[in-house]
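No hydrogens, no waters, no symmetry mates; every other heavy atom, side chains included, goes into these values.
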Amino acid sequence: MNNKHRKTLAAIFADPVSPSIAWADIEALFRALGAEISEGRGSRVQVNLNERFAVFHRPHPQPTTDRDAVKSVRHFLVNAGVKEGVKP
């Protein structure tokens with residue numbers, strides 16, 4: 001994981017929840033953590049990390065995620081064994 005990935009991970013776990021994390025940065029973080037990402041229908045993205053599976057929707061037309069999406073990503077990462085600043 002590089003420094004940008006660490007910053008994205010810290011932003012995901014920050015309180016209050018940030019509404020301005022770029023989805024591309026979240027996808028890059030998933031890849032850095034070793035996740036398998038596949039395209040679903042429409043704006044859906046399927047993510048498999050540490051035998052945990054989730055489906056997210058890419059935000060559009062803005063490239064940033066909203067607070068609820070960030071909370072969902074945080075919940076997924078915790079369930080996959082990822083903690084703030086720590087790779088499993």
(message) Measuring from atom NZ of K71 to atom NE2 of H75, what distance do you get when rounded to the nearest 0.5 angstrom?
(response) 13.0 Å
(message) As an exercise, state the distance from CG of L77 to CG of L49, rounded to the nearest 0.5 Å.
(response) 7.0 Å
(request) Kindly give the heavy-atom pair with the smallest separation between H5 and A28, and that separation in Å. (result) NE2-O, 3.7 Å
(request) Please answer: with hydrophobic residues joined when any side-chain heavy atoms are less than 4.5 Å apart, are V55 and V78 in the same cluster? (result) no
(message) I'd like to know if the side chain of R6 reaches the main chain of N2, judged simply by a donor and an acceptor atom lying under 3.5 Å from each other, with no hydrogens or angles considered.
(response) yes
(message) Donor-acceptor check, side chain of R74 to backbone of I12, threshold 3.5 angstrom: yes or no?
(response) yes
(request) Can you see which heavy atom on L9 is nearest to which on K83, and at what distance? (result) CD2-O, 3.8 Å
(request) List the atom of R52, the atom of A80, and the distance in Å for their closest heavy-atom pair. (result) CG-CA, 3.7 Å
(request) Please report the shortest heavy-atom distance between S18 and V70, naming the atom on each side. (result) O-CG2, 3.4 Å
(request) Measure the CG-NE2 distance between D66 and H57 for me, rounded to the nearest 0.5 Å. (result) 11.5 Å
(message) Nearest 0.5 Å, please: how far is CZ in F56 from CZ in F30?
(response) 4.5 Å
(message) Could you measure the distance from the CZ atom of R58 to the CD atom of E39? Nearest 0.5 Å is fine.
(response) 4.0 Å
(request) First locate atom CG of D25, then atom OG1 of T65, and finally report the distance between them rounded to the nearest 0.5 Å. (result) 9.5 Å
(request) Find out if a path of hydrophobic residues (ILVMFWY) with successive side-chain heavy-atom gaps under 4.5 Å connects L29 to F53. (result) no
